[in-house]
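Below is one structure, written out as structure tokens; the observations come after it.
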Amino acid sequence: MADVGQISSSLDGSGEHGQGARQESGHAYVGHSVLRPDLLEKVTGAAVYCVDLRRSGSASAKIVRSTRAHARILAIDTDAARSAPGVVAVLTCDTLTGLCSRFGHIVADHEILANGKVRYYGEPVALVVAETEAAAADALELVQVEYEDLPAVITAEDALAAGAVLVHEVDLPLLDVDNLSPGEGAGSPEGGPRVDNVAHEVTLEWGDVDAAWESAAVVVESSMHFPMLYAYAMEPYNAIASYANGRLEVDSTAQHPFMVRDDLARVFGLPLSAVTVRAPYLGGGYGSKSYTKVEPLAAVASWHVGRPVKLVLDVEESIYTTRVDSAVVKVRSALDADGRFIAREFDIVMDSGAYADNSPLVIAKSVNRCFGPYRVPNLRVRGRSIYTNTSPASSYRGFGAPQGVLAGETNLERAAEELGIDSAEIRRRNLVQPGEEILQGKRGIDADLPADLEMLLSALKMGEPSNTKWYGVGFACSASDAGAFPVSTAAVRVETDGSVIVLSGSTEMGQGSRSLLGQIAAEEFGIELRQVAVRQSDTGSTAYERTTGASRTTTLAGLALQRACADALSKMRAMAAEVENVDIDTITQCPGGFSLEDNRILRYGEIVKKWFGASAGEVTGVGTVRRSGVTKQMPPFWEIGMVGVGCRIDPETGAVTVEQLATVGDVGFAINPQAVEAQDLGAATQGLGLSLFEELIYDGPQVVNPNLVDYRIPRMRDLPSRIDLMLAERRDGVGPYGAKGSGEGSLNPIAAAVVTAVARAIGRWPDRIPLTPERVWRLISDRTDDE
Amino acid sequence: MLPPFALERPDRLDEALGLLDDVSVPYCGGTELLMAMKMNVLRPRCLVDLKGIAELGRLDWDGDDVLVGGAVTHARLATDDDVLSGSALLASVERRVGNARVRSQGSIGGNLCFAEPRSDIATLLCAMEASVTLQSQTDSREVAMRDFLIGAYETVREPGELLVNVLIPKVRRYRGVYLKYQYSERPTVGVALVHDEAEGPWRLAVGAVGEIPLVLEADSPSGFDPHAVAESIDLVEDLSGSVEYKRHIVEVYVRRAMQLAIQGDSL
Ligand SMILES: Cc1cc2nc3c(=O)[nH]c(=O)nc-3n(C[C@H](O)[C@H](O)[C@H](O)COP(=O)(O)OP(=O)(O)OC[C@H]3O[C@@H](n4cnc5c(N)ncnc54)[C@H](O)[C@@H]3O)c2cc1C
């Protein structure tokens with residue numbers, strides 16, 4: 001296997017083939033690959049993660065989990081566990097009387113502890129709180145749960161079958177969720193009885209699809225199965241909660257601490273101000289740590305025992321907390337003889353597991369993203385998220401795009417094949433031009449996709465010969481309505497020495513937001529990076545941020561921060577005018593301060609001190625982003641995916657080696673180019689994982705590979721020997737300096753690229769991923785699938 | 001999470017042997033044992049740590065033979081100068097065991113005694129006709145590798161016995177190839193094809209696919225029939241492949257190993 005070989009980038013001049021589209025920045029800090037301030041801490045192990053936190057007097061909790069996929073709980077006997085050594089308390093759903101025992105930000109269907117029945121193997125049934133983690137673990141098996149089995153639906157197909165047992169009996173109302181248009185079957189407000197296992201349904205339609213099939217030169221039908229995945233953040237879920245005197249404090253591995261706060265406040269009926277959620281460094285998230293996970297368990301335990309309680313899950317438990325929606329996506333496309341789309345029709349069925357979590361939004365996004373950045377005059381998409389008796393699914397990097405784009409792009413390739421048009425040409429004919437709408441009534445595309453495609457092609461052509469036997473090149477593209485709902489705030493505090501503290505509710509989860517926000521503040525104030533400190537993700541003391549997801553931080557948190565800086569600067573300008581007793585118009589900003597008409601320079605610290613009349617004081621600037629101005633139109637920006645691969649096949653074993661990878665990051669402006677490239681490479685590598693290796697396998701009620709030994713993720717050696725990471729910087733985003741987000745783009749289309757490359761190499765089209773060696777071998781040797 | 005256990009750290013072999021029984025078990029690198037305990041598959045009351053026993057860390061050469069102590073790690077066998085010059089084949093197989101953590105923690109004795117079927121070491125040692133010495137408080141016996149393994153996770157070792165060393169006779173004179181097909185953390189199939197340069201037949205061992213390695217002999221490296229080998233071998237279906245696929249892979253890898261050996265691409 002190839003070693004990690006050449007990585008070319010468009011920015012450091014070493015990239016022979018990279019063709020970055022870049023405008024000279026002329027900035028001091030943004031646009032440069034500055035050393036991330038968190039890097040040294042993380043590499044040396046000094047960085048503090050949630051699991052490292054201690055609170056004096058704390059107890060430890062362990063979860064008694066369901067051993068059944070679907071069963072009525074007849075009785076829970078906790079007596080023996082309660083009297084075991086070191087045990088402080090055992091909680092069941094009966095302990096939660098007086099609380100709102102269900103959570104869920106879209107549908108509050110998620111019982112903190114199973115109530116009456118269990119809906120999946122691994123569901124929390126009881127919580128043992130003890131002096132030590134070991135004592136809690138020992139007492140787990142003393143909790144006796146008596147079950148009466150119910151029929152279980154383990155696949156979406158089972159769950160949709162006529163007469164299937166219901167996972168949820170009551171149709172709960174959708175909570176007030178921005179950015180989610182309720183569709184049919186989306187829960188009636190009354191909460192009446194459910195009739196099926198459809199958790200959420202979304203449709204999107206324009207034109208007259210049914211009339212289109214007749215007039216088409218070709219109609220191509222295909223279907224793709226997207227596997228059930230685990231996002232595999234290195235750090236499993238954990239939290240430490242402390243409930244006392246009507247106040248709750250929680251440290252946890254939460255991507256969206258403010259969202260978790262809202263859920264917890266609802267559980268306890270507390271004012272939002274009485275609940276504090278903090279997220280220290282996160283050991284990765286990839287969407288799996290968005291929204292509420294283990295926090296309610298730790299919180300109710302602390303509420304019950306009156307001491308801080310720590311709860312740490314292992315990997316297997318984390319897999320049984322949140323996994324990725326699997327999907328079956330059927331596509332039908334009608335094209336004219338020139339290869340232009342006449343119509344596309346998609347049917348997406350996602351297996352969302354036992355609780356809705358964020359899957360209703362995942363399906364909604366998949367519906368928006370599956371048909372690609374093309375001109376499609378007639379469109380019909382139906383997406384359904386299905387309840388099954390399996391681990392609950394939720395957000396995953398790419399938000400429904402990976403599932404949808406895989407099906408949409410491979411279907412387009414098959415159409416190109418049938419029409420005898422080459423893959424690049426058919427895209428040139430269908431891609432939208434800059435400014436053109438993909439979704440009716442939404443923001444036009446803020447990127448130059450045709451130009452991005454040519455960049456990608458230039459890199460791919462330089463690669464391995466594309467038409468040798470057992471070697472295939474494939475590429476694919478996507479556009480995601482990204483940024484989520486634009487609600488973002490930031491604050492800056494300018495100190496008496498002119499240094500600056502940035503307050504943001506956006507979470508540093510490895511992606512480099514701490515560095516990025518620092519760069520923006522340094523740039524705006526014209527001060528050195530080391531003079532900026534960034535404080536993040538503490539609902540009690542940092543600024544509000546709705547979420548850290550949908551690649552939004554650079555664009556929205558960055559914009560809020562830029563506005564906070566402007567606010568502080570304008571306040572200081574007015575203060576300077578006041579203390580100098582001059583007309584404000586005579587004062588101009590210069591790096592680190594303001595200059596006066598007489599050429600004197602007043603540094604920020606001096607202004608603060610003079611204004612307060614002491615060696616003390618502080619100036620605060622605040623910035624907000626909402627659906628107004630540049631962020632009025634949805635989505636805030638489009639995130640582009642433009643990826644190509646070259647794959648070599650061992651025809652005897654079916655093993656696939658990815659030899660080349662090329663990505664185009666169309667990010668408008670790269671505030672930290674190295675960090676953007678790292679996002680693209682990371683996203684692409686994660687995408688190679690699901691394309692080739694990753695799949696959670698249910699055999700009966702249980703996952704059979706819930707660990708790193710049996711769930712295969714990409715390793716260093718799986719990286720292609722040739723990697724081209726290109727950046728397109730056309731300053732066409734609404735974010736600071738024309739920036740748009742990054743982080744998901746290169747994952748979204750990569751599975752389609754890999755499937756296409758493999759199909760070209762072996763002459764057959766796979767209908768599912770991952771492309772394990774056995775699957776590829778079966779395709780090559782024409783063996784019927786035994787799965 | 002690990003269940004509770006007691007830990008003993010003897011520094012003498014007889015002391016260790018005195019501690020062993022049904023519920024007090026040997027513990028070396030812990031790469032298998034601790035995982036099995038975390039998964040609640042094994043629940044020993046006491047772990048007897050072998051790492052402090054000097055005798056089990058020996059690596060002694062006697063002419064063409066080598067005697068490897070039971071606690072010698074994969075990392076050491078992969079990088080030891082004498083092993084590299086004495087048997088480049090053994091060193092190269094050791095270098096490709098699992099991952100860096102498993103190699104630096106895991107021992108040859110632990111690998112063989114755990115008898116996880118997907119072992120490269122067991123396959124190679126069967127082909128090389130190695131033997132192991134099992135010692136109890138009262139007795140010591142030498143058992144050929146091929147008799148030592150009796151099934152998946154099953155050996156002839158008694159609870160009171162320790163694998164004190166592995167004897168690989170004439171290792172310096174062995175030449176051959178070892179090929180493995182590894183998609184996941186552990187090998188899907190391992191094929192060893194070796195012979196004693198001075199005398200004797202070529203020996204083919206095919207491991208990791210079934211419960212224990214299949215060993216065959218022939219006069220020359222071309223004297224095996226890959227298809228027949230694949231047809232005759234007992235296979236177990238698991239996450240790395242169906243029986244049908246594994247049978248095919250066995251054939252491919254036996255043929256590839258034969259080609260390399262015939263071309264003289266041996267270590
Ligand atoms: C992720 C992973 C990947 C792996 N990949 C490979 C691979 O590619 N190829 C391969 O060949 N192997 C592979 N292995 C197996 C690896 O070689 C073994 O885990 C390791 O050698 C075991 O040694 P240990 O010292 O850690 O044993 P321990 O875990 O300490 O013990 C294992 C068992 O042997 C017993 N035991 C240990 N030492 C002795 C002794 N001297 N006498 C008697 N009983 C003893 C213990 O009681 C226990 O039952 C892999 C293992 C893992 C975890």
Side-chain angles (χ1 to χ4, degrees), chain A residues 1 60 62-63 85-86 128 130 132-141 312-317 650-657 692-697 699 703-713 715-718 770-778 780-781 783-787, chain B residues 1-6 31-32 34-41 43 45 95-102 106 114 116 118 179-189 191 209 226-227 230 235 237-259:
Chain A
M1 223 172 265
S60 285
K62 280 271 163 195
I63 300 168
V128 177
T132 64
E133 198 179 5
D138 282 348
L140 286 184
E141 57 198 45
V312 180
L313 305 195
D314 62 22
V315 166
E316 179 165 352
E317 291 183 288
D650 177 339
E652 286 188 319
T653 62
V656 178
T657 307
L692 298 174
F693 318 117
E694 295 183 36
E695 180 165 26
L696 285 176
I697 298 167
D699 184 9
V703 174
V704 292
N705 56 344
N707 57 66
L708 256 186
V709 175
D710 297 315
Y711 182 91
R712 166 83 154 86
I713 59 169
R715 300 189 279 228
M716 254 352 235
R717 282 224 226 126
D718 297 316
L771 293 173
T772 59
E774 177 161 355
R775 280 190 185 140
V776 175
W777 172 73
R778 284 185 179 282
I780 294 172
S781 52
R783 278 178 172 74
T784 47
D785 218 22
D786 68 349
E787 291 166 296
Chain B
M1 228 187 132
L2 279 173
F5 58 87
T31 57
E32 300 285 19
L34 299 187
M35 213 151 59
M37 287 167 67
K38 277 186 191 164
M39 284 160 52
N40 231 341
V41 179
R43 237 176 147 160
R45 199 174 302 150
R95 194 167 59 240
R96 288 182 293 150
V97 164
N99 55 50
R101 277 167 67 185
V102 167
F114 197 66
E116 147 72 58
R118 293 165 299 173
L179 282 187
K180 69 165 156 176
Y181 180 58
Q182 186 155 354
Y183 164 74
S184 194
E185 277 299 320
R186 298 182 192 258
T188 302
V189 60
V191 175
V209 279
H227 185 71
L235 300 162
E237 168 161 351
D238 61 20
L239 289 174
S240 64
S242 65
V243 163
E244 190 186 12
Y245 180 65
K246 285 188 171 181
R247 210 175 283 295
H248 167 74
I249 293 293
V250 166
E251 183 173 340
V252 170
Y253 271 71
V254 169
R255 184 165 19 80
R256 288 182 182 182
M258 287 168 58
Q259 275 161 3

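Quick note on labels: first sequence line is chain A, next is B, and so on, each numbered from 1. We use all heavy atoms of the structure for the numbers below, so side chains are in, but hydrogens, waters and symmetry mates are not.
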| Structural part of A/D699 lying under 4.5 Å from a heavy atom of chain B | neither
| Lys/Arg cation over aromatic B/Y183: A/R712, 6.0 Å, 45° cone | yes
| Contacting moiety of A/E316, where chain B heavy atoms sit under 4.5 Å | neither
| task | Name all residues meeting the side chain to side chain donor-acceptor pair (under 3.5 Å) criterion together with B/E32; count only those two or more places apart in sequence or in a different chain, and write none if there are none. | result | B/R186
| Do the non-hydrogen side-chain atoms of B/E244 and A/W777 ever get within less than 4.5 Å of each other? | yes
| query | Measuring heavy-atom distances to chain B, does A/F693 have an atom under 4.5 Å in its side chain, in its backbone, in both, or in neither? | reply | both
| field | All salt bridge (charged side-chain N to carboxylate O under 4.0 Å, His left out) counterparts of B/R43, not counting sequence neighbours | value | A/E141
| Approximate separation, where rounding is to 0.5 Å, of B/N99 CG and A/M716 CE | 14.5 Å
| query | Is a side-chain N or O of B/Y245 found less than 3.5 angstrom from the main chain of A/R778, in a donor-acceptor match? | reply | no
| Option in A/D710, A/N707, A/D650 with maximal non-hydrogen atom pairs under 4.5 Å from chain B | A/D650
| task | Quick one: pull up CG in A/D314 and NZ in B/K38 and give me the separation to the nearest 0.5 Å. | result | 8.5 Å
| query | Which region of A/I697, side chain (C-beta onward) or backbone (N, CA, C, O), has a non-hydrogen atom less than 4.5 Å from a non-hydrogen atom of chain B, or is it both or neither? | reply | side chain
| query | When you look at A/E652 and B/R255, which way does the side chain to side chain contact (heavy atoms under 4.5 Å, CB included) test go after all the steps? | reply | CA-CA 11 Å; A/E652 286 188 319; B/R255 184 165 19 80; 2.9 Å; yes
| query | Side-chain contact, heavy-atom cut-off 4.5 Å: A/R715 with B/E185? | reply | yes
| task | Check whether any side-chain heavy atom of B/P4 sits under 4.5 Å from a side-chain heavy atom of A/D138, and report yes or no. | result | yes
| message | For chain B, which candidate among A/L692, A/V704, A/N705, A/V709 shows the most heavy-atom pairs at distances under 4.5 Å? | response | A/V709
